[in-house]
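Just so it is clear: chains get the letters A, B, ... in the order the sequence lines come, proteins before strands, and each one is counted from 1.
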Amino acid sequence: MITIQVEKTASEGIGIGKAFLLHKTKLSTEFGPVSQQDIPKEIRRYEQAVEEAQAELAALAESNAIFQAHLEMVKDITLYEGVITRIKEEGLCAEAALHAAAEEFIAIFDSMEDEYMRERAADIKDVRFRLMCLLQGVKVNPFDDIREQVILIAEDLAPSDTATMPAENILGIITQEGGVTSHVSIMAKNLGIPALVGVKEICSKVKTDDTIIMDAKAGVIYIQPDDQTLKKYCQLQRKEEHIQKERLKLKELPPVTKDGKRVRLCINAGRLHDIKKAMEYGPDGVGLFRSEFLYMDNTHFPTEEEQFKAYKSAALLSCEELTIRTLDIGGDKALPYYIFEKEENPFLGWRAIRISLELIDRFKTQLRAILRASVFGMVRLMFPMIISLEELRRAKEILAECMRELEQEGLAYDPGIKVGMMIETPASVVMIEDFAREVDFFSIGTNDLTQYLLAVDRGNKKIAAMYNSFHPAVLRSIRRIIEAGHRCHIPVGMCGEFAGEEKAVKLLLGMGLDEFSVSGGGVLKLKELIREADFREAKQLAGKVCEKQTIQEVYELLGIEC
Amino acid sequence: MVSKKTTIINPSGLHARPAGELAKICSRCKSDVMIYVGEKKINPKSILNIMAAAIRCGTDIVVECSGETEEEDLELVISAIAGGLGE
């Protein structure tokens, strides 16, 4: 039995199961020349890869039209002839011939004027990648080998991995890289499965099929545990399940303090099944719908119709509220079909609203889809990463333009749709009163707010300990935002990790936060804490905490051990 | 050999999906099919060739078929293009 202690918990819970060590698809890029006698063999290899790719794509094409196009590309006669000629006449191996033949088309598409067509270069790259994988005998989808419920162990997971991951077979996640606010943690919380991130050397300590116990609350991992430990944890797991079952009784009860202060308790969601799952816990609605998943899970920019359908389904699922955040991409979130220039400081770079205000046609597609869905529920709209009134006003102008267009086309939308913004940049906090007069609501994004206020990169392991939302500067900013909102009679919510921080619930209640939006798995625990709290007491506590000058003093007052 | 002129009606032109549909239909034709866009000559059995030609909405094209089944093939291809290629 090996025991590993872990400092950081990404998503709580206990997982017991077999390990599955994820091997990322890596392709070799060094190809040697082919001798004259091996040419027929190379041609056969290529033809076989094409055949296998066709079979794979035919199955995928049934559920997604874009794979139908990929299927046609794989079969394409011009591409085929291009590859075969290069093998025969230039003596290239199948991989090198494929690379060059596809490159010719990629260059044509890349040089096109039409932006849509330029992006099709990505489809050809996709098809080439599939064929390359088959030629080199590696899996296109590294999750294909997961056939039973496992604990997933990986160096790191990209957002696109989390999209293809077979969620129903994942009991828990352990990664070597990443911080507690990374997308891995967010996804694990949404799924309600335990996760530990930043576990050094885990990939070299574990083999596939090893038995693993992960206790994400205590921050401990056992590899090949002895019978006694295994028995102890099986009991613990049953107990946890029992507690969760007890909490389910809170489902129908409102999130109200002992002395009658009612707040709203919502969920954060990225995909429709997150909403479906979380509705079992009886939230007031969806406080943050991360529309970027719709973009990341795709092979092309989703069309207005595709987005409309998704938002409509989400609106119908989410009872009293669906707050859709417009595309928040860039930073650590990329798109498989769009090339972002490499940046020195991606978190201070071209991301979120900055992208939307430049790719205006794309932005309008999204706004039109959201507006059209707004007649199917209580849809609210919010813009991410705003730093200036110019940005906010420009975004609202474009929104008004979309409304006029829809009107002319005779398409229905809710003209009274509430428009709000995320408060996650220091600039927006400094100018909070000005912003409060121009929006219908605020939502505090504590992950970015903490990172930007403290100038601490949340992905940087070396300074991970400095990233702390209990820093007085963050707490005082939060209070300032809430007070400014209330002076202008607009509600203030919070959708960052901090809203689900158990130790901060009373404090946030006391500051007057109107809405807590947390991952589905955290709803019931939070409701329990809110119902146990006393608002008057919480208000006094908040006053005292905001006077404190150091994290240490804040911790002492809140009874947090460090 | 028979040929006929038609116009592309797909709003975004012949992008991946309609191009794929066109390639699929033309591949089923027994006769040789060619498409002319201005002076460009395209093999429509190849989706990549169709896409590389970047044919926009409203462009006039000429479809040409030659072979035993040319009459019915031409009819099939022309009506598919006029019908918006499944869009």
Using 0.5 Å steps for rounding, measure from the [atom1] atom of [X] to the [atom2] atom of [Y].
X: A/K75; Y: B/S27; atom1: NZ; atom2: OG; result: 7.0 Å
X: A/L79; Y: B/L48; atom1: CG; atom2: CG; result: 6.0 Å
X: B/I50; Y: A/D76; atom1: CD1; atom2: CG; result: 8.5 Å

Determine whether more than 12 heavy atoms belonging to other residues, nucleotides or ligands lie under 6.0 Å from atom [atom1] of [X].
X: A/K364; atom1: NZ; result: yes
X: A/E341; atom1: CD; result: no
X: A/R45; atom1: CZ; result: yes
X: A/E397; atom1: CD; result: yes

**Asked** Less than 4.5 Å apart, any side-chain heavy atom of A/M73 and any of B/M51?
**Response** yes
**Asked** Where do B/S46 and A/T78 come nearest, in terms of heavy atoms and distance?
**Response** OG-OG1, 2.6 Å
**Asked** Looking only at heavy atoms, which two atoms of B/A52 and A/M112 are closest? And how far apart?
**Response** O-CE, 3.2 Å
**Request:** Examine whether an atom of B/N43 lies under 4.5 Å from a heavy atom of chain A, and if so say whether it belongs to the side chain, the backbone or both; otherwise answer neither.
**Result:** side chain
